[in-house]
Chemist: 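Structure incoming, see below.
Values below: all heavy atoms of this structure, side chains included; hydrogens, waters and symmetry mates excluded. Only a predicted model underlies this, so the values are computations on that prediction, with no experimental measurement involved.
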Amino acid sequence: MSASNTVWQGEGRRIHIQEVGTRDGLQMEQAFVPTEDKIALVNALSNAGLSKIEVTSFTSPAAIPALKDAEIVMREITRRPGTVYTALVPNLRGAERAIEARTDELNLVMSVSATHNLANLRMTQAQSFAALAQVVAMAQSAGVAVNVSLSCVFGCPMEGDVAPAEVLGWVQRFADLGVRGVTLCDTTGMAYPTQVHQLTAAARARWPGVDFTLHFHNTRGMGLANVLAAIDAGADRFDASLGGLGGCPYAPGASGNVCSEEIVHALQLMGYDTGVDLAQLIGAAQRLPALIGHDIPSQIAKAGPRLALHPVPADFEAIRERALSR
């Protein structure tokens, strides 16, 4: 195989980066980010050219107070043509609220692990599927797109490995409902590249009409490696989180989602087209510590891109003279 046919040479291939930090990241924060700051952050991400932005979550304000302003934020953001504005919805009421707020796409969540689904959503998988099937039907009647995010695809923190057949079985159930967007989620960072490649290739081969997104966490330092493995298997859509925000209650102390600016930086260097203005994305990430009250995992926000050059030492000419005089 020639170098031009490998994952290492992007050659302008389009990779869609889908921002989840404004939902998946902010919902984990102790500090409430003011509504106007959320709106400004989403607008900055839009200006940076992200393909999709998960703006918020239409869950109960009592359950996730950090996102209690979902309607206001979704209604007042400035929408950029070409960007899809999505939101997490847990049930019919959440779907109604999201549709009323002009959400482009509803993101539904359940787990392919029976234990994780019960612990996280307080429902059996059968109960979750029945509830989400109602939401799918409502969205379809309203002409609103649906994406289903399947948690623990690459492993459950309580059960361990999840059989690929189990994962593919749940994809089939939603495909049968007419769902055309499915996210394969590495909920607690258990994925590894070989596994990612095999499952991504299998899913894409079986359902060529489904848009598959890969959602990785960097819990064990394999986030970028998993992204590259998925690209090598044909994937072209990835969730990522500004600043690397996020996490999971079942992986306490672990780092969050793969970092948007780090993934964009790496892929652009390799020749991929992300459609993202990296400088604007880094600028948005650098605003986060002041909003959330603590540092962020992003290394790019701290160090800058690889060609962020620094001035020579103030006494550089003196150093040169001394060197030449030896």
Chemist: Using a 3.5 Å distance criterion without hydrogens, assess whether the side chain of Lys302 forms a donor-acceptor pair with backbone atoms of Ser298.
Modeler: yes

Chemist: Counting C-beta onward and ignoring hydrogens, is there a side-chain heavy-atom pair between His197 and Thr200 closer than 4.5 Å?
Modeler: no

Chemist: Are Leu214 and Val7 connected, step by step, through hydrophobic side chains (Ile, Leu, Val, Met, Phe, Trp, Tyr) whose heavy atoms are closer than 4.5 Å?
Modeler: yes

Chemist: Would you mind telling me which of Ile263, Val264, Leu267, Val227 makes a side-chain contact (heavy atoms from CB on, under 4.5 Å) with Ile15?
Modeler: Leu267

Chemist: Run the salt bridge (charged side-chain N to carboxylate O under 4.0 Å, His left out) test on Arg13 and Asp236 for me, step by step, so that the C-alpha distance in whole Å, both residues' side-chain angles and the decisive distance to 0.1 Å come before the verdict.
Modeler: CA-CA 9 Å; Arg13 178 179 164 191; Asp236 61 2; 5.7 Å; no

Chemist: Would you check if Val148 and Val171 make a side-chain contact, meaning some heavy-atom pair closer than 4.5 Å?
Modeler: no

Chemist: Going by distance alone, is a donor N or O of one side chain under 3.5 Å from an acceptor N or O of the other, for Asn218 and Asn257?
Modeler: no

Chemist: Kindly determine whether Arg93 and Glu96 satisfy salt bridge (charged side-chain N to carboxylate O under 4.0 Å, His left out), including the steps that lead there.
Modeler: CA-CA 5 Å; Arg93 177 57 189 143; Glu96 290 170 352; 3.3 Å; yes

Chemist: For the pair Ser149 and Asn107, evaluate side chain to side chain donor-acceptor pair (under 3.5 Å) and give the outcome as yes or no after the intermediate values.
Modeler: CA-CA 7 Å; Ser149 291; Asn107 186 28; 2.9 Å; yes

Chemist: For the residue pair Pro193 and Gln198, establish whether any side-chain heavy-atom pair is separated by less than 4.5 Å.
Modeler: no

Chemist: Leu50, Leu41: one ILVMFWY side-chain cluster at the under-4.5 Å cut-off?
Modeler: yes

Chemist: Determine whether the side chains of Glu54 and Thr86 contain a donor N or O and an acceptor N or O closer than 3.5 Å.
Modeler: no

Chemist: Looking just at side-chain N and O atoms, do Ser325 and Arg322 make a donor-acceptor pair shorter than 3.5 Å?
Modeler: no

Chemist: Please report the C-alpha distance between Thr183 and Asp239 in whole Å, then the side-chain angles of each, then the deciding distance to 0.1 Å, and finally whether the side chain to side chain donor-acceptor pair (under 3.5 Å) criterion is met.
Modeler: CA-CA 9 Å; Thr183 302; Asp239 284 349; 4.6 Å; no

Chemist: When you group the ILVMFWY residues by side-chain heavy-atom contacts below 4.5 Å and let the links chain together, are Met138 and Leu177 in the same group?
Modeler: yes

Chemist: Salt bridge (charged side-chain N to carboxylate O under 4.0 Å, His left out), that's the test. Do Asp104 and Arg79 meet it? Break it down for me.
Modeler: CA-CA 10 Å; Asp104 295 336; Arg79 298 177 186 237; 3.5 Å; yes

Chemist: Taking it one step at a time, do Met110 and Phe174 satisfy side-chain contact (heavy atoms from CB on, under 4.5 Å)?
Modeler: CA-CA 11 Å; Met110 70 166 289; Phe174 285 104; 3.7 Å; yes

Chemist: Given side chain to side chain donor-acceptor pair (under 3.5 Å), test His294 with Glu29 step by step and report yes or no.
Modeler: CA-CA 10 Å; His294 62 80; Glu29 296 298 324; 2.6 Å; yes

Chemist: Indicate yes or no for a side-chain donor-acceptor contact from Asn120 to the backbone of His116 under 3.5 Å, with no hydrogens or angles considered.
Modeler: no

Chemist: Please tell me if the side chains of Leu168 and Leu199 come closer than 4.5 Å, counting only heavy atoms from C-beta onward.
Modeler: yes

Chemist: Tell me yes or no: between the side chains of Ser113 and Thr115, is some donor less than 3.5 Å from an acceptor?
Modeler: no

Chemist: Are any of the side-chain heavy atoms of Gln125 and Ser111 separated by less than 4.5 Å?
Modeler: no

Chemist: Could you check Leu67 against Lys38 for side-chain contact (heavy atoms from CB on, under 4.5 Å), going step by step and ending with a plain yes or no?
Modeler: CA-CA 10 Å; Leu67 302 179; Lys38 288 193 183 86; 4.0 Å; yes

Chemist: Run the salt-bridge test on Arg97 and Glu71 with the 4.0 Å N-O cut-off and return the result as yes or no.
Modeler: yes

Chemist: Does the pair Val42 and Met74 meet the rule for a side-chain contact (heavy atoms from CB on, under 4.5 Å), with working shown?
Modeler: CA-CA 9 Å; Val42 173; Met74 186 61 82; over 6 Å; no

Chemist: So, Gln18 versus Thr213: side-chain donor-acceptor pair below 3.5 Å or not?
Modeler: yes

Chemist: Would you please say whether a donor-acceptor pair under 3.5 Å links the side chains of Asn117 and Ser128?
Modeler: yes

Chemist: Looking at Thr124, is its backbone amide N or carbonyl O close enough to the side chain of Gln127 to form a donor-acceptor pair, meaning the two atoms are under 3.5 Å apart?
Modeler: yes

Chemist: A side-chain contact here means heavy atoms from C-beta on lying under 4.5 Å apart; do Met190 and Asp161 qualify?
Modeler: no

Chemist: Establish whether Val276 and Phe216 are linked, either directly or via other cluster members, by ILVMFWY side-chain heavy-atom contacts under 4.5 Å.
Modeler: yes

Chemist: In this structure, is the centre-to-centre distance between the rings of Phe154 and Tyr192 below 6.0 Å?
Modeler: no

Chemist: So do Val179 and Leu108 actually touch side chain to side chain, heavy atoms under 4.5 Å?
Modeler: no

Chemist: Check step by step if side chain to side chain donor-acceptor pair (under 3.5 Å) holds for Gln27 and Ser57.
Modeler: CA-CA 9 Å; Gln27 76 173 15; Ser57 174; 5.0 Å; no

Chemist: Which word best sums up how the rings of Phe212 and Trp207 line up, parallel for under 30°, tilted for 30 to 60°, or perpendicular for over 60°?
Modeler: tilted

Chemist: Contact between Val182 and Leu184 at the side-chain level, heavy atoms closer than 4.5 Å - yes or no?
Modeler: yes

